[in-house]
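Notes follow the structure.
All values below come from the heavy atoms of this structure, side chains included, with hydrogens, waters and symmetry mates left out. Letters go in sequence order (proteins before strands), and every chain restarts at 1. Keep in mind it's a predicted model, so treat the numbers as computed, not measured.
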Number of protein chains: 2
Amino acid sequence: MAQRARPRLVDVAQAAGVSIAAASRALSGAAGVSEEIAQRVREVAAELGYVANVHARTLAGGTSTGVGLLVHEIGDPYFTEIASGVLRVAAQRGLTVQIGHTGRDPDAELLQVRSLIANRVRAIVISGSGFVEARVQAPVKRELQDFQAAGGRVAVIGRHHLGTDAVLPDNLAGGRSITEHVLSLGHRRIAFAAGPVALTTVADRLAGAEEALRAAGSRLAELPVIEEAFTRDGGTRATLRILDEHPRTTAVIALNDDMAIGALAALRSRGVAVPREMSVAGFDDVAVAEHLSPALTTVRLPMTGMGEQALLLALKEPSVRPRRRTTGHRLVVRDSTAAPRSS
Amino acid sequence: MAQRARPRLVDVAQAAGVSIAAASRALSGAAGVSEEIAQRVREVAAELGYVANVHARTLAGGTSTGVGLLVHEIGDPYFTEIASGVLRVAAQRGLTVQIGHTGRDPDAELLQVRSLIANRVRAIVISGSGFVEARVQAPVKRELQDFQAAGGRVAVIGRHHLGTDAVLPDNLAGGRSITEHVLSLGHRRIAFAAGPVALTTVADRLAGAEEALRAAGSRLAELPVIEEAFTRDGGTRATLRILDEHPRTTAVIALNDDMAIGALAALRSRGVAVPREMSVAGFDDVAVAEHLSPALTTVRLPMTGMGEQALLLALKEPSVRPRRRTTGHRLVVRDSTAAPRSS
DNA sequence: CTGAAAGCGCTAACAA
DNA sequence: TTGTTAGCGCTTTCAG
């Protein structure tokens with residue numbers, strides 16, 4: 001345990017025989033030093049293995065190089081891809097990213113936001129659905145507002161109602177597209193494997209489905225919408241319930257790919273052939289969707305791009321009114337959907 | 001832009017009518033304040049929306065609450081699961097995690113390590129294979145050594161040669177197991193879809209395969225080992241080459257699941273039935289492996305647990321000699337492997 | 001138990 | 001161009 005302390009700026013300055021101010025300027029690339037001194041300081045610093053203390057720098061300079069990223073759960077492929085986009089932009093801007101799980105729990109989210117604020121990050125990106133009910137996220141909203149009032153920047157992905165810049169996935173139109181697709185194949189006894197309708201993402205996708213259904217002379221209220229967790233396991237449970245409670249169903253529309261994967265597992269376990277006996281559709285087009293068994297029909301959302309966009313938005317100068325960027329979507333028809341068996 | 005500054009400790013102290021020292025003690029839960037004052041300070045702080053500045057705190061106290069996590073690419077499901085484990089442990093300990101991509105590039109890795117050190121994180125977890133050739137990672141090693149000498153902690157996942165605590169996945173034994181499995185099905189014309197053999201992970205898994213092959217009276221040198229990127233696309237390219245250059249092959253062993261997914265895609269595109277015409281095996285058992293088409297035979301590694309273990313190790317008191325934790329592995333036989341067609 | 005004051009390592013005026 | 005110095009917001013001796 002040498003506990004040998006790391007060299008500080010003074011050490012570098014001393015070793016280079018210049019003032020600490022000169023050393024600071026040389027290392028941070030600021031103007032006002034002769035190239036000669038700058039050169040020498042850099043060499044000495046490298047020799048000593050000097051690495052500036054970010055905390056001291058941030059405290060003195062007032063500007064942080066950190067950004068925050070909050071996801072529901074990094075293991076969920078939807079968030080994984082978003083995170084990947086955020087990391088890419090951050091790296092290329094020389095920013096550092098602090099990441100945290102929210103678990104779709106408003107309390108955990110509040111804690112994480114506080115932690116980011118405590119770290120004085122320059123910008124916060126929050127991804128993942130919010131709640132239809134504005135009240136549950138009021139504390140976070142207030143915290144974010146204060147953060148912004150103090151000069152912080154915020155961008156959210158897939159949320160409204162937070163009064164911040166936002167990247168909005170095409171949930172409504174996507175919900176319409178996938179439902180139209182299933183209807184066009186001839187399905188009428190459709191069931192939805194949904195996450196909690198309290199989530200805006202779920203609500204929006206269902207709203208899109210409703211539009212498609214009405215156009216076809218049907219209504220969402222006439223069909224089973226099974227609410228379970230917005231996860232793989234939730235998809236499995238929802239599908240098992242559909243099989244048991246609505247045995248004549250010919251198509252399951254899962255409200256995200258993760259649920260669709262769970263749905264496929266449930267159908268396999270019950271020996272139901274997809275798409276011959278049951279069609280399955282997902283939403284998001286996560287990277288593995290095309291490699292599933294069978295390859296999943298779904299709606300593609302540009303997740304990585306959404307992550308990039310969000311951080312880029314958050315890094316821009318704030319505008320008077322919150323900005324909104326809506327993404328496109330694309331229906332991707334693969335092998336998991338087909339016409340119902342003529343019964 | 002109000003640019004209204006956030007309240008500081010002085011503001012809280014003033015509002016509560018106590019000294020800044022007392023306020024500090026009250027908020028950080030230190031001893032030496034009457035419960036009465038502590039109570040009052042906490043109330044005032046909450047009212048004002050006070051959030052302590054981590055930079056100031058770290059600078060003054062000398063102890064950071066941040067930890068660093070470096071992954072090759074968060075989009076790779078192997079790292080995703082590791083990250084999930086790390087985030088879980090961090091959250092439960094009230095630690096903050098800074099994450100970065102290394103892209104399996106030693107230079108990028110060095111930059112990321114420097115960034116973590118600059119942020120004075122308490123511990124660094126580096127996941128992802130190192131290089132067989134020790135020389136390429138010498139600079140990182142030196143940096144980590146200095147970091148540790150200054151009291152920092154480091155743990156790596158799936159690397160040797162770094163002189164730090166390590167969590168070592170069961171690559172050798174796993175490589176043996178999966179190869180034994182394929183051999184036991186009767187395959188002899190086996191090909192390997194490998195990542196760069198310069199990676200220790202690849203080298204170790206191949207060494208395990210060699211053991212199994214020798215026990216069966218064969219040798220690795222007699223079989224095609226196709227080196228491509230250790231990714232999905234790499235798996236696709238390797239498999240296409242196997243199909244073209246070694247057309248009599250009856251089984252492909254991919255050295256990770258991501259490559260196996262690419263292999264399945266390649267075979268599908270060429271109309272080769274799995275496992276009837278070609279068996280495919282993977283390695284890792286990422287979450288989607290069981291949902292692939294067909295479900296993938298692979299070797300399970302406890303990735304999430306590895307992430308947890310690594311951070312836990314890094315948070316422990318350092319020992320004189322680097323600690324090593326080896327994981328187990330489990331052969332998971334699913335539908336992608338079968339006996340070769342009797343030709 | 002409480003408060004005054006000395007830094008933590010760095011940046012950014014300000015002088016020279 | 002250079003160097004001096006006053007903080008940045010907090011923790012932590014050290015007196016009281």
Side-chain angles (χ1 to χ4, degrees), chain A residues 3-41 44-45 48-66 115 117-122 150-152, chain B residues 3-42 44-45 48-66 117-122 150-152:
Chain A
Q3 274 293 129
R4 176 170 70 261
R6 297 204 64 96
R8 295 155 305 160
L9 185 55
V10 234
D11 303 321
V12 175
Q14 218 155 44
V18 298
S19 77
I20 162 179
S24 170
R25 290 190 271 254
L27 292 173
S28 59
V33 237
S34 62
E35 185 47 44
E36 189 197 330
I37 286 194
Q39 185 68 28
R40 177 146 41 98
V41 170
V44 170
L48 265 48
Y50 172 75
V51 182
N53 184 325
V54 167
H55 300 294
R57 181 172 275 183
T58 301
L59 190 55
T63 52
S64 136
T65 60
S115 164
I117 293 177
N119 277 278
R120 297 297 186 271
V121 293
R122 174 184 303 192
Chain B
Q3 273 294 130
R4 175 169 75 261
R6 296 204 64 94
R8 294 155 307 158
L9 186 55
V10 233
D11 302 320
V12 175
Q14 218 154 45
V18 299
S19 78
I20 161 177
S24 170
R25 289 191 269 256
L27 291 174
S28 59
V33 237
S34 61
E35 185 46 46
E36 187 197 331
I37 286 193
Q39 185 67 28
R40 178 147 39 99
V41 170
R42 278 190 232 105
V44 172
L48 264 51
Y50 172 75
V51 182
N53 183 324
V54 167
H55 300 295
R57 181 172 274 184
T58 301
L59 190 57
T63 53
S64 132
T65 60
I117 293 178
N119 278 277
R120 296 299 187 270
V121 293
R122 172 185 303 192

Rounding to a whole Å, what distance do you find between A:I20:CD1 and D:dT5:C1'? 10 Å
Quick one: does any side-chain atom of A:H55 pair with a main-chain N or O of B:N119 as donor and acceptor, under 3.5 Å? yes
Side chain to side chain donor-acceptor pair (under 3.5 Å) partners of B:S64, counting only residues at least two apart: none
In this structure, how many angstroms lie between the C1' atom of D:dC8 and the CZ atom of A:R120, rounded? 11 Å
Can you tell me how far the CZ atom of B:R122 sits from the OG1 atom of B:T58, to the nearest 0.5 Å? 9.5 Å
Compare every heavy atom of A:P7 with every heavy atom of A:L48, then report the nearest pair and how far apart it is. O-CG, 3.4 Å
Output for pair (B:R42 CZ, B:I37 CD1), nearest 0.5 Å, gives 11.5 Å
Whole-Å distance, B:R6 CZ to D:dG9 C1', equals 14 Å
Considering only heavy atoms, which members of residues 33-41 of chain B lie under 4.0 Å from some atom of DNA chain D? none
Tell me the closest heavy-atom pair linking A:L27 and A:A45, and the distance in Å. CD2-CB, 4.0 Å
Please give the angle, rounded to 10 degrees, between the axes at the start and the end of the helix from C:dC1-D:dG16 to C:dA16-D:dT1, where five pairs define each axis. 40°
Any side-chain N or O of B:S19 less than 4.0 Å from the OP1 or OP2 oxygen of C:dT2? no
Heavy-atom count check: over 12 atoms from other residues, nucleotides or ligands less than 6.0 Å from A:E35 CD? yes
Give the rounded distance in Å between these two atoms: CD of A:Q14 and C1' of C:dG9. 14 Å
Full working for side chain to side chain contact (heavy atoms under 4.5 Å, CB included) between A:Y50 and A:L9: CA-CA 8 Å; A:Y50 172 75; A:L9 185 55; 3.8 Å; yes
B:L9 CG to C:dA4 C1', in whole Å, measures 14 Å
Under 3.5 Å, N/O pairs linking protein and nucleotides 14-16 of chain D:
none

Suppose the criterion is salt bridge (Lys or Arg N to Asp or Glu O under 4.0 Å): which pairs have a residue in residues 5-31 of chain B, not counting sequence neighbours? A:E143-B:R6, B:R8-B:D11
Reckon B:A21 touches a base, only the sugar-phosphate, or nothing at all at heavy-atom distances under 4.0 Å? base
Strictly below 4.0 Å, heavy-atom distances to any atom of DNA chain C: list the hits from residues 49-66 of chain B, or just say none. B:L59, B:A60
If you take all heavy atoms of A:A23 and A:A13, which pair is closest and at what distance? CB-CB, 3.9 Å
How many Å lie between CZ on A:R8 and C1' on C:dC8, as a whole number? 10 Å
Hey, which sits more toward the 5' end of DNA chain C by its nearest nucleotide, B:G32 or A:S28? B:G32
What's the verdict on side chain to side chain contact (heavy atoms under 4.5 Å, CB included) for B:V18 and B:R40, showing C-alpha distance, side-chain angles and the deciding distance? CA-CA 10 Å; B:V18 299; B:R40 178 147 39 99; 4.2 Å; yes
